[in-house]
**Student:** 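I have a structure I would like to understand better, so I am pasting it below and will then ask my questions one at a time.
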Amino acid sequence: MRILQLHCNSIEFTPTKKEIKSAEEITPETKHLDEVVVTFIAVEEGDDKTVAKKAITEIKDSMAKVGCKKLLLYPYAHLSSKLASPTSALSVLKEMESLAIDLDVSRAPFGWTKSYKLDVKGHPLAENSKVITKEEGKDDTSEAIKSESKIKSYWYIMSPDGTMQEVEKFNFSPYPQLEILTKYEAAKKRSVDEPPPHVKLMKKMAIADYEPASDSGNMRFYPNGRLIKSLIERYVSEKVLNYGGFEVETPIMYDSHHPSLESYFNRFPARQYNINSEGKQLILRFAACFGQFLMAADFQLSYRSLPLRLYEMTRYSFRREQSGELVGLRRLRAFTMPDCHAFCKDMNQAIDEFKKRFELSREVLHGLGLVDSDYEMAIRFTEEFYNQNKQIIQETVKKLNKPVLIEMWKEKFFYFVLKWEFNFIDNLGKASALSTDQIDVENGKRYNIEFFDEQNKPHHPIILHNSPSGAVERIIYALLEKAAKDTKEGRKSHLPFWLSPTQVRLIPINPEFLPFCENLADKLTESKIRVDIDDRNESIGKRIREAETEWIRYILVIGEKEVNAKDLNVRDRETGEVKQIVFDDFVNRIREQIKDKPFSGLNSNRHITSRPQIMV
RNA sequence: GCUUCGAUAGCUCAGCCUGGUAGAGCGUUACCUUGGUAAGGUAAAGGUCGCGGGUUCAAUUCCCGCUCGGAGCUCCA
């Protein structure tokens, strides 16, 4: 906001004509004021109530100095070239007016061309101009975000044979998804006019929902959703532990004035949640990086313990994303993310580790039900890194065996020299990163993490930052989007079997067969299978239909025949066929499908009639 | 955060333009039905029309603000 303050003997002004459509509705008449401080005001982009308050405080200060009690607020666009929209300008002006009611305050009409006569006093303090901005010097946007838009990038496509081609020259026709990612990233082109299908599904399947009582982007997870999330968390954690990660736990909030953290925040492009507590400015973590770095800095490290892999499933990480960017489970403000850092003694070791983690990430995604064709890879690096380590990049692309989007930076902008991600492309052509890894050459020093080499000389390690799956919520989003795509293309949608809240549903023909169902359900539960019973008084057809809409893989109708036959009558949703199967064969068939995955029991009442109904 | 659209029964939505306090389907409850692989029947209950303010004799309907949500801009796990 820019203001020009004039201590006047008098002012007289007359609105002559409306300048803009949204001008205030008034009857134009000449006004005359004596002994008044006239404040010309231009409200600028981004000005809000805080600015209004600050401005009024300053105006009151100087009015007290000149001993004047009458104030005229005079909208005056010509003081600035980056004006706020008329609506917000008017509301800021009204705010100022209401904040100054203890003075004799008036306001010239907004949006009108006005003629005026001024008689300015001649004393030294009579004329005064000011620029007022929001939170001077306390802008909480990190430097990285502010200058991110200034990065110079060069975009290429690298083919599995290692050749790089400028994106403009690449023939995308066999790779429509890669083309979407490229346009998305390089050209920043997006156009969508409908909500993504997973939002409906996450509610309909009683997985997750918005929680209006929290901040946007902080979701509630229903029993089904919590079960799915917890299974994914356990699966990813087991994979990372097998790879060699050591699980730790670190605080979710940090003192933003801690010296290592302060400079780090300005190198990471994220907005934070801030909390003030007992005079401390705390920020909620946006990843596990600093917790693990601070921990590693306190370790006595020898080259022998490297690579050291620290791992945490961060529930939660917080990023105060712009509200307009939050959609369903795709992008949240509070999310769960596996975060694994590998501290390496040199670039060679880092590159070895990098290869392992690339494979780990791929395996994890496959285990979660996302195959190579579900995502596109992007690799970003500095020109210098490329010139020195061309081979590792080419090898990686070869392993993936399909073309990859390349972003090359002229100079190092972030703390990393290389970063890759697997990007899921959803039904609306939106790209979101899942797995990612980064080679960080700065933070070893910043956090004063040291190890001693063979000559007992201290060094800072190179640090790899890997999230093998990306955010867990985002995995659920990808699975739901994939399911929606199946429906759209005429296939049956489903979740991976090991994540299905109900794996087997029993439908007794009438209550007479309920005891038999209980018995069967007990036996299946003992074999670590999630089974429930639709004991409602509804027709068989209806109960089967509903089991189908809940994506339940196996449906067993239980009647006279089954009770006598001992064999099971199994309807397999994959094929729609009903088959007679011996109990043990059925159990084995299921166990086979989920043998290397974690298991949790049914996370709701076995009987449908006793369940709360969450979504229709 | 900005631009723009929206919010009516537990869910999905109609009614609002042209102001006179509401409807459907699904779900819920009760009863009937005891059914054999994708929707059996009847009835009932259920709404301060998101919140706050304004205009009006009268506001779910018109106007303003807020909250929440969708889309776009921008950005990322």
Side-chain angles (χ1 to χ4, degrees), chain A residues 25 45-46 48 84-85 87-88 90-91 94 134 141 144-145 148-149 184-185 188-196 199-200 203-204 209-217 268-271 286-287 314 317 319-333 335-339 419 421-424 428 430-438 465-475 477-478 492 507-513 537-549 555-562 569-573 576-579 612-616:
Chain A
E25 291 302 331
E45 272 172 30
D48 59 10
S85 72
T87 356
S88 52
L90 183 56
S91 75
K94 285 184 174 167
K134 202 174 172 179
T141 308
I145 284 197
E148 202 170 18
S149 49
Y184 203 77
E185 292 294 328
K188 309 281 185 196
K189 194 193 163 192
R190 290 132 222 219
S191 76
V192 178
D193 52 3
E194 51 185 321
V199 176
K200 257 190 184 159
K203 297 184 189 195
K204 201 186 116 207
D209 207 346
Y210 299 112
E211 176 51 81
S214 179
D215 188 25
S216 337
F268 193 95
R271 296 174 168 85
F286 39 84
T314 62
S317 290
R319 297 186 189 177
R320 219 197 63 238
E321 304 295 358
Q322 301 182 78
S323 55
E325 297 167 10
L326 307 165
V327 190
L329 292 172
R330 188 169 99 87
R331 196 156 163 74
L332 299 172
R333 282 183 171 172
F335 58 97
T336 305
M337 179 179 69
D339 203 353
K419 174 191 181 195
E421 331 100 33
F422 292 143
N423 290 281
F424 178 80
L428 308 176
K430 292 255 187 189
S432 329
L434 299 171
S435 321
T436 179
D437 203 2
Q438 302 165 359
H465 301 230
N466 173 223
S467 183
S469 63
V472 172
E473 293 84 353
R474 193 172 272 185
I475 292 288
Y477 142 83
K492 285 202 171 174
I507 302 180
I509 284 184
N510 67 46
E512 194 186 318
F513 303 104
N537 177 19
E538 296 289 354
S539 66
I540 308 294
K542 179 158 181 177
R543 284 183 283 170
I544 287 171
R545 183 188 141 81
E546 290 194 6
E548 286 274 348
T549 62
I555 302 170
L556 277 62
V557 176
I558 307 293
E560 196 79 36
K561 274 188 275 176
E562 289 70 22
N569 224 342
V570 179
R571 181 192 165 103
D572 185 344
R573 184 166 171 271
E577 288 171 6
V578 183
K579 280 191 181 151
Q613 189 182 317
I614 299 175
M615 286 290 162
V616 179

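A note on names: the letters A, B, ... follow the listed sequences, proteins ahead of strands, and every chain is numbered from 1. A quick note: this is a predicted structure, and the numbers were derived from the prediction, not measured.
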**Student:** Could you state the atom-to-atom distance from CZ of Arg331(A) to C1' of rU74(B) in whole Å?
**Tutor:**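 Rounded to the whole Å, the gap is 9 Å.
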
**Student:** Give a yes or no answer on whether the side chain of Ser467(A) reaches the backbone of Thr436(A) with a donor-acceptor pair at less than 3.5 Å.
**Tutor:**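 Checked: no pair found.
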
**Student:** Can you name the residues that form a side chain to side chain donor-acceptor pair (under 3.5 Å) with Glu325(A), not counting sequence neighbours?
**Tutor:**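 Partners of Glu325(A) by the side chain to side chain donor-acceptor pair (under 3.5 Å) criterion, ordered by chain and then number, come out as Gln322(A), Arg331(A).
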
**Student:** What's touching nucleotides 50-55 of chain B from the protein side, N or O pairs under 3.5 Å?
**Tutor:**
none

**Student:** Can you figure out which of rU37(B), rG1(B), rG36(B) approaches the side chain of Glu325(A) most closely?
**Tutor:**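 Nearest to the side-chain atoms of Glu325(A), counting from C-beta on, is rG1(B).
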
**Student:** Using a heavy-atom cut-off of 4.0 Å across all strands, would you classify Ala431(A) as base, sugar-phosphate, or nothing?
**Tutor:**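 It contacts base atoms.
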
**Student:** Think Lys204(A) has a side-chain N or O under 4.0 angstrom from the OP1 or OP2 of rC26(B)?
**Tutor:**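 For rC26(B), OP1/OP2 do not have a side-chain N/O of Lys204(A) under 4.0 Å.
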
**Student:** Using Watson-Crick or G-U wobble geometry with both distances under 3.5 Å, which nucleotide pairs with rC31(B)?
**Tutor:**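 rC31(B) is paired with rG41(B).
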
**Student:** Rounding to the closest angstrom, what is the interatomic distance between rA59(B) and rA22(B) at atom C1'?
**Tutor:**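 Looking at atom C1' only, rA59(B) and rA22(B) are 14 Å apart.
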
**Student:** Gln613(A) side chain N/O closer than 4.0 Å to the phosphate oxygens (OP1, OP2) of rU28(B)?
**Tutor:**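 Answer is yes, contact under 4.0 Å.
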
**Student:** Side-chain contact, heavy-atom cut-off 4.5 Å: Tyr210(A) with Lys203(A)?
**Tutor:**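 Result yes, sub-4.5 Å side-chain heavy-atom pair found.
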
**Student:** Arg474(A) CZ to rC76(B) P: how many Å, rounded?
**Tutor:**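 To the nearest whole Å, that distance equals 11 Å.
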
**Student:** If pairing requires Watson-Crick or G-U wobble contacts with both distances under 3.5 Å, which nucleotide is the partner of rG46(B)?
**Tutor:**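 Per the H-bond distance test, none.
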
**Student:** Record whether the side chain of Glu546(A) comes under 3.5 Å of the base of rG27(B) through a donor-acceptor pair of N or O atoms.
**Tutor:**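 Check fails, no donor-acceptor contact within cut-off.
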
**Student:** Just to be sure I understand the rule, does Ile507(A) reach a base, reach only the sugar-phosphate, or reach nothing, if contact means heavy atoms closer than 4.0 Å?
**Tutor:**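 No contact.
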
**Student:** Pick base, sugar-phosphate or nothing for Val327(A), based on heavy-atom distances below 4.0 Å to the nucleic acid.
**Tutor:**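 Val327(A): backbone/sugar contact only, no base atoms under 4.0 Å.
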
**Student:** What does Lys419(A) touch in the nucleic acid at a heavy-atom separation under 4.0 angstrom: a base, only the sugar-phosphate, or nothing?
**Tutor:**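 Touches sugar-phosphate only.
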
**Student:** In plain terms, say whether Arg571(A) and Glu548(A) are close enough for a salt bridge, that is, a side-chain N and a carboxylate O under 4.0 Å apart.
**Tutor:**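 Yes.
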
**Student:** Could you tell me whether a side-chain N or O of Arg543(A) sits under 3.5 Å from a main-chain N or O of Pro508(A), the two making a donor and an acceptor?
**Tutor:**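 Yes.
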
**Student:** Taking only residues two or more places apart in sequence, or in another chain, which ones meet Asp437(A) in a salt bridge (charged side-chain N to carboxylate O under 4.0 Å, His left out)?
**Tutor:**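 Salt bridge (charged side-chain N to carboxylate O under 4.0 Å, His left out) check on Asp437(A) returns Arg357(A).
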
**Student:** For the pair made of CZ in Arg330(A) and C1' in rG70(B), what is the distance, rounded to whole Å?
**Tutor:**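 In whole Å, rG70(B) C1' lies 13 Å from Arg330(A) CZ.
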
**Student:** Taking side-chain contact (heavy atoms from CB on, under 4.5 Å) as the test, write out the residues that go with Val327(A), two or more places apart.
**Tutor:**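 Applying side-chain contact (heavy atoms from CB on, under 4.5 Å) to Val327(A) gives Pro196(A), Val199(A).
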
**Student:** For RNA chain B, whose closest nucleotide is more 5', that of Asn510(A) or that of Gly576(A)?
**Tutor:**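 Of the two residues, Asn510(A) wins.
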
**Student:** In whole Å, measure the gap between the P atoms of rC63(B) and rG20(B) for me.
**Tutor:**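 To the nearest whole Å, 15 Å.
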
**Student:** Between the protein and nucleotides 64-69 of chain B, list the N/O to N/O atom pairs that are separated by less than 3.5 angstrom.
**Tutor:**
unit_1  : atom_1 : unit_2    : atom_2 : d
rG69(B) : OP2    : Ser216(A) : OG     : 3.3
rG69(B) : O3'    : Tyr210(A) : OH     : 3.3

**Student:** At under 4.0 Å between heavy atoms, what does Ser323(A) touch on the DNA or RNA strands: base, sugar-phosphate, or nothing?
**Tutor:**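 Base, at least one base heavy atom under 4.0 Å.
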
**Student:** Less than 4.5 Å apart, any side-chain heavy atom of Ser432(A) and any of Glu421(A)?
**Tutor:**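 Contact flag for Ser432(A)/Glu421(A) side chains = no.
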
**Student:** In Watson-Crick or G-U wobble terms, both distances under 3.5 Å, what is the partner of rG52(B)?
**Tutor:**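 Pairing partner: rC64(B).
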
**Student:** May I ask which nucleotide in the shown strands pairs with rC73(B), Watson-Crick or G-U wobble, both distances under 3.5 Å?
**Tutor:**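 rG1(B) is the nucleotide pairing with rC73(B).
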
**Student:** With sequence neighbours left out, what residues match Lys200(A) under salt bridge (charged side-chain N to carboxylate O under 4.0 Å, His left out)?
**Tutor:**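 Partners of Lys200(A) by the salt bridge (charged side-chain N to carboxylate O under 4.0 Å, His left out) criterion come out as none, since no residue qualifies.
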
**Student:** Tell me the interatomic distance from Arg319(A), atom CZ, to rC76(B), atom P, rounded to whole angstroms.
**Tutor:**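 To the nearest whole Å, that distance equals 10 Å.
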
**Student:** Which residues satisfy the side-chain contact (heavy atoms from CB on, under 4.5 Å) test with Asp572(A), sequence neighbours excluded?
**Tutor:**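 Scan of Asp572(A) (side-chain contact (heavy atoms from CB on, under 4.5 Å), adjacent residues dropped) gives Arg553(A), Tyr554(A), Glu574(A), Thr575(A).
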
**Student:** With both distances kept under 3.5 Å, what pairs with rG10(B), Watson-Crick or G-U wobble?
**Tutor:**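 Pairing partner: rC26(B).
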
**Student:** Do any N or O atoms of the protein come closer than 3.5 Å to N or O atoms of nucleotides 39-45 of chain B, and which pairs are they?
**Tutor:**
unit_1  : atom_1 : unit_2    : atom_2 : d
rA39(B) : N7     : Arg545(A) : NH1    : 3.3
rA39(B) : N6     : Arg545(A) : NH2    : 2.7
rA39(B) : N1     : Arg545(A) : NH2    : 3.0
rG40(B) : OP1    : Ser539(A) : OG     : 3.0
rG40(B) : OP2    : Ser539(A) : OG     : 2.6

**Student:** My understanding is that only residues two or more places apart in sequence, or in another chain, count here; which of them pass salt bridge (charged side-chain N to carboxylate O under 4.0 Å, His left out) with Lys579(A)?
**Tutor:**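 For Lys579(A), the residues satisfying salt bridge (charged side-chain N to carboxylate O under 4.0 Å, His left out) (neighbours in sequence not counted) are Glu577(A).
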
**Student:** Taking the P atom in each of rC76(B) and rC62(B), what is the distance between them to the nearest angstrom?
**Tutor:**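 It works out to 41 Å between them.
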
**Student:** Just the rounded figure in Å: distance from C1' of rC76(B) to CD of Glu473(A).
**Tutor:**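 It works out to 14 Å between those atoms.
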
**Student:** Taking side-chain contact (heavy atoms from CB on, under 4.5 Å) as the definition, give me every residue that meets it alongside Ser435(A), ordered by chain and number, with sequence neighbours left out.
**Tutor:**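 side-chain contact (heavy atoms from CB on, under 4.5 Å) list for Ser435(A), sorted by chain: Ser361(A), Leu365(A), Trp420(A), Phe422(A).
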
**Student:** Taking CG from Leu329(A) and P from rG70(B), how many angstroms apart are they, rounded to a whole number?
**Tutor:**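 Going from Leu329(A) (CG) to rG70(B) (P), I get 11 Å.
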
**Student:** Hunt down the Watson-Crick or G-U wobble partner of rU21(B), both distances under 3.5 Å, from any strand shown, or write none.
**Tutor:**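 Here rU21(B) is not engaged in any pair, so there is no nucleotide opposite it.
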
**Student:** Return the set of residues passing side-chain contact (heavy atoms from CB on, under 4.5 Å) with Leu326(A) (not counting sequence neighbours), or none when no residue passes.
**Tutor:**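 For Leu326(A), the residues satisfying side-chain contact (heavy atoms from CB on, under 4.5 Å) (neighbours in sequence not counted) are Ser216(A), Glu321(A), Arg333(A).
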
**Student:** To the nearest Å, how far apart are Lys430(A) NZ and rU74(B) C1'?
**Tutor:**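 Distance, rounded to whole Å: 10 Å.
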
**Student:** Choose from rA77(B), rG36(B), rU34(B) the nucleotide whose nearest atom is closest to any side-chain atom of Glu562(A).
**Tutor:**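 That would be rG36(B).
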
**Student:** Could you give the CD-to-P distance, from Glu512(A) to rG35(B), as a whole number of Å?
**Tutor:**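 Between P of rG35(B) and CD of Glu512(A): 10 Å.
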
**Student:** Considering residues at least two apart in sequence or located in another chain, which fulfil the side chain to side chain donor-acceptor pair (under 3.5 Å) criterion with Glu562(A)?
**Tutor:**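 Here the qualifying residues are Asn569(A).
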
